[in-house]
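One structure is given here, and the rest of the page talks about it.
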Amino acid sequence: MPPRKQDPEKLRAALDGQLVALDEPPYDGPASALPDALVAAVLAAYDRGLRPERDAARQAVSHLLGRLAATAPGRTVEVRVPPYAAVQAIEGPRHTRGTPPNVVETDARTWILLALGRLSWDDAVAAGAVSASGSRADLSPYLPL
């Protein structure tokens, strides 16, 4: 399941919505930097103790999951960040039906912190912020992105 290409107009709308919620001006940078600017805005909301705008969080999670899938292509591990998105990644035996044998599941905040290197895999697992089942469900070699 390859990651979907994100629509720049939807990214910009989500980013601008998040920036308004943070009392910041709309984004005026290049379109190529939209995804990373959106991730930064969502992270800023978390850092301020706020709940990010739903669409902004969804787009940020999707972007970072897409980066994981591009960095570690494959279909062995399903990485889920409900209710926003899921991808299959990492080389190995392909999963095609039913519940995958290798599943990683976490919340949006934890996923963003892991992807950016602000939280280690081991700390997240130890804290119970990540559920990882299966012999290949260790993302530490691929993080941070």
Side-chain angles (χ1 to χ4, degrees), residues 1-22 24 27 29 31-145:
M1 132 175 58
R4 284 189 231 164
K5 181 145 173 68
Q6 292 180 292
D7 180 340
E9 289 179 25
K10 290 181 180 179
L11 281 172
R12 185 176 298 272
L15 173 56
D16 285 343
Q18 184 62 65
L19 291 173
V20 165
L22 293 169
E24 295 184 16
Y27 179 74
S32 61
L34 276 168
D36 291 330
L38 178 60
V39 170
V42 169
L43 189 57
Y46 283 130
D47 287 346
R48 293 181 190 181
L50 303 171
R51 180 179 294 197
E53 297 295 304
R54 183 174 174 83
D55 194 43
R58 182 180 61 78
Q59 295 278 359
V61 164
S62 293
H63 168 66
L64 293 171
L65 285 173
R67 283 182 50 191
L68 173 67
T71 301
R75 296 180 62 94
T76 298
V77 179
E78 185 165 295
V79 182
R80 300 173 181 167
V81 183
Y84 300 120
V87 296
Q88 290 182 354
I90 305 175
E91 280 188 42
R94 181 180 169 163
H95 165 74
T96 56
R97 294 176 49 135
T99 302
N102 300 288
V103 176
V104 172
E105 187 166 313
T106 190
D107 62 277
R109 181 181 188 159
T110 301
W111 172 243
I112 291 170
L113 294 175
L114 284 167
L116 298 179
R118 291 185 61 182
L119 177 64
S120 76
W121 176 260
D122 291 338
D123 289 346
V125 171
V130 170
S131 169
S133 63
S135 61
R136 296 175 180 256
D138 178 358
L139 299 182
S140 60
Y142 310 100
L143 298 171
L145 297 173

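Closest heavy-atom contact between A56 and L38: CB-CD1, 3.7 Å. A pairwise comparison of heavy atoms in A85 and V61 identifies CB-CG1, 4.4 Å as the closest pair. Here the shortest heavy-atom pairing between A89 and A69 reads CB-CA, 4.2 Å. Here the closest non-hydrogen pair linking A45 and P52 is CB-CA, 4.0 Å. Between P35 and S32, the shortest heavy-atom contact is CD-O, 3.8 Å.
Inter-residue side-chain proximity for H63 and V39 is flagged as met; some heavy-atom pair is nearer than 4.5 Å. Under the 4.5 Å side-chain criterion, counting only non-hydrogen atoms from C-beta, R67 is in contact with D36. Between L11 and L15, every side-chain heavy-atom pair lies at or beyond the 4.5 Å cut-off. Looking only at side-chain heavy atoms (C-beta outward), I90 and L139 come within less than 4.5 Å of each other.
E78 places no side-chain N or O within donor-acceptor distance of the main-chain N or O of A86, the cut-off being under 3.5 Å.
A distance of 6.5 Å separates CG in L68 from CG in L143, rounded to the nearest 0.5 Å. Rounding to the nearest 0.5 angstrom, the gap separating the CZ atom in R48 from the CG atom in L43 is 11.0 Å.
Evaluation of the salt bridge (Lys or Arg N to Asp or Glu O under 4.0 Å) test over residues 52-64, restricted to residues two or more places apart or in two chains, returns D55-R58. Screening residues 113-129 for side-chain hydrogen bond (donor to acceptor under 3.5 Å, both in side chains), with sequence neighbours left out, gives D47-R118, S120-D123, W121-D138.
The 12-atom threshold is exceeded at CD of E24, counting heavy atoms of other residues, nucleotides or ligands nearer than 6.0 Å.
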Would you give me the side-chain donor-acceptor pairs under 3.5 Å for residues 101-116, sequence neighbours excluded?
from : atom 1 : to   : atom 2 : distance (Å)
N102 : OD1    : S135 : N      : 3.1
N102 : OD1    : R136 : N      : 2.9
N102 : ND2    : T76  : O      : 3.4
T106 : OG1    : A129 : O      : 2.7
D107 : OD1    : T110 : OG1    : 2.7
D107 : OD2    : R109 : N      : 3.1
D107 : OD2    : T110 : N      : 3.0
D107 : OD2    : T110 : OG1    : 3.3

